[in-house]
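These notes concern the structure reproduced below.
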There are 2 protein chains.
Amino acid sequence: MARTPQDITDAELAVLQVLWDKGPLPIRRITDQLYPEGKTAQYATVQKLLERLESKACVSRERGGVNIYAAMIDRDDLVGRRLQAVAEKLCGGSWTPLLTHLVQVRGLSEKDRQALRRMIDDFDPRKTKKERRGKEQS
Amino acid sequence: MARTPQDITDAELAVLQVLWDKGPLPIRRITDQLYPEGKTAQYATVQKLLERLESKACVSRERGGVNIYAAMIDRDDLVGRRLQAVAEKLCGGSWTPLLTHLVQVRGLSEKDRQALRRMIDDFDPRKTKKERRGKEQS
DNA sequence: GAAATAATAAGACGGAATGACTGAGATGTC
DNA sequence: GACATCTCAGTCATTCCGTCTTATTATTTC
């Protein structure tokens with residue numbers, strides 16, 4: 001039973017979080033965020049994490065005097081990947097059980113409830129874009 | 001950056017799936033399902049996996065002439081754990097982004113849409129149980 | 001009830017994953 | 001040209017996790 005490696009590890013995620021928060025940065029700036037007292041060793045650690053993230057196409061590198069790294073996936077992309085993994089491994093690929101779980105077990109705030117009702121309508125494929133536009137204006 | 005081990009590994013999950021499908025079983029029966037030609041080695045593998053699952057309180061063991069193992073968590077429990085992990089690591093603990101993702105990115109079937117509308121109403125805490133009962137009857 | 005068969009128990013193994021590190025060279029900067 | 005800083009290319013150590021071995025204790029079968 002071949003084990004499936006993590007898509008993105010904890011340490012890699014920490015790097016991504018910095019890029020999401022601060023935007024594109026050189027390694028040094030990322031290191032400062034993650035290891036405030038960081039010296040050469042920690043710098044190299046961040047470098048290695050970026051190298052792995054790049055090989056997974058999760059960050060891009062702008063080469064130059066100093067390389068600048070930027071996130072190529074955003075939080076929601078990653079949320080999507082992880083939800084997909086859950087759906088595939090536990091629900092035979094179906095999304096519905098996830099949805100049901102969230103609504104029934106976790107419950108909804110009043111805000112959630114309103115937003116959800118609106119989303120259900122807005123993303124109803126039976127409605128044309130024109131109809132949706134009309135709804136928004138009302 | 002301490003790494004977080006998987007809650008339940010792939011091989012452990014395979015064992016759980018058998019117990020979910022077939023109900024409580026002795027090791028031998030589980031082994032038959034997972035390794036149809038399984039001999040002593042594979043039997044021991046399943047045994048080790050069950051031992052680890054037991055230490056995580058995911059299966060119970062009824063001791064006797066032959067030990068019988070039973071799942072102590074069901075699929076939805078595990079779905080919940082994994083969704084929680086996603087929410088905590090990527091959404092600051094909030095469930096809303098998961099919900100939003102499912103509805104917006106994955107889309108809803110007509111059936112989903114109907115079921116969801118009903119759930120939103122049913123689990124609305126502003127409504128008393130009496131009101132919900134009334135609604136169901138209508 | 002002895003031989004054969006099967007189950008339990010305890011530990012060891014090995015490859016891969018992952019966070020962290022070192023050292024040599026390149027590139028700038030004053 | 002000296003100094004700091006960055007890049008690059010490894011290496012390392014620990015843990016994880018799927019797997020297997022061996023020994024001991026039941027259980028069956030004739």
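Letters A, B, ... are given to chains in the order of the sequence lines, protein chains preceding strands, and every chain is numbered from 1.
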Using whole Å, what does the distance between atom P of nucleotide C:dC21 and atom CD of A:E51 come to? 17 Å
Would you mind telling me which residue lines up with the more 5' stretch of DNA chain D, A:A2 or A:G64, judged by nearest nucleotide? A:G64
Can you see whether A:K111 engages B:T96 through a side-chain donor-acceptor pair at a distance of less than 3.5 angstrom? no
Counting just side-chain N and O atoms, does A:Y43 come under 4.0 Å of either OP1 or OP2 of D:dT7? yes
From the set D:dC6, C:dA20, C:dT22, return the single nucleotide nearest to any side-chain atom of A:A44. C:dT22
Ion pair A:D7/A:R82, N-O distance below 4.0 Å: yes
N or O in side chain of B:T40 less than 4.0 angstrom from D:dT21 OP1/OP2: no
Side chain of A:V66 - closest among D:dC20, D:dT7, D:dT22: D:dT7
Carboxylate-amine/guanidinium contact A:R29 A:D32, below 4.0 Å: yes
Across the strands shown, which category fits B:T45 at heavy-atom distances under 4.0 angstrom: base, sugar-phosphate, nothing? base
Value in whole Å for how far the C1' atom of C:dA20 lies from CG of A:L34: 13 Å
Winner on side-chain proximity to B:P5, out of D:dC20, D:dT7, D:dC16, is D:dC16
Closest approach to the side chain of A:A41, judged atom by atom: which nucleotide of D:dC8, D:dT19, C:dT22 is it? C:dT22
Below the 4.0 Å mark, does C:dT8 have OP1 or OP2 next to a side-chain nitrogen or oxygen of B:N67? yes
A:T9 side chain near C:dG19 phosphate (N/O to OP1/OP2, under 4.0 Å): yes
Would a 4.5 Å heavy-atom cut-off, applied to side chains only, mark B:L78 and B:W20 as touching? yes
Hey, does the side-chain of A:R3 have a donor or acceptor N/O within less than 3.5 Å of a partner on the base of D:dC16? yes
Check this for me, if you would: do B:R75 and B:D21 make a salt bridge, where the nitrogen-to-carboxylate-oxygen distance has to be below 4.0 angstrom? yes
Take atom CG of B:L50 and atom C1' of D:dC17, then tell me their distance rounded to the nearest Å. 15 Å
Let me know the distance between CE of B:M1 and C1' of C:dA17, rounded to the nearest Å. 16 Å
For the pair made of CD1 in B:I30 and P in C:dA6, what is the distance, rounded to whole Å? 18 Å
Output yes when A:R106 and A:D112 qualify as a salt bridge under the 4.0 Å nitrogen-oxygen rule, no when they do not. no
So what does A:R28 hit on the nucleic acid, given a heavy-atom distance under 4.0 Å: a base, only sugar-phosphate, or nothing? sugar-phosphate
Tell me the interatomic distance from B:K56, atom NZ, to D:dC17, atom C1', rounded to whole angstroms. 9 Å
When the distance from CD1 of A:I27 to P of D:dA9 is rounded to whole Å, what number comes out? 13 Å
Under 4.0 Å: is that the gap between some side-chain N or O of B:R61 and OP1 or OP2 of C:dA9? yes
Scan A:Q47 against the nucleic acid and name what it touches under 4.0 Å (heavy atoms): base, sugar-phosphate only, or nothing. base
Among D:dT7, D:dT19, D:dG10, the one nearest any side-chain atom of A:K48 is D:dG10
Is B:R63 near enough to C:dA9 that one of its side-chain N or O atoms lies under 4.0 angstrom from OP1 or OP2? yes
Let me know the distance between CG of A:D10 and P of C:dA17, rounded to the nearest Å. 16 Å
Are any of B:Q6's side-chain N or O atoms less than 4.0 Å away from OP1 or OP2 of D:dC16? no
Using a 4.0 Å heavy-atom cut-off, does A:A11 contact any base of the nucleic acid, only the sugar-phosphate backbone, or nothing at all? sugar-phosphate
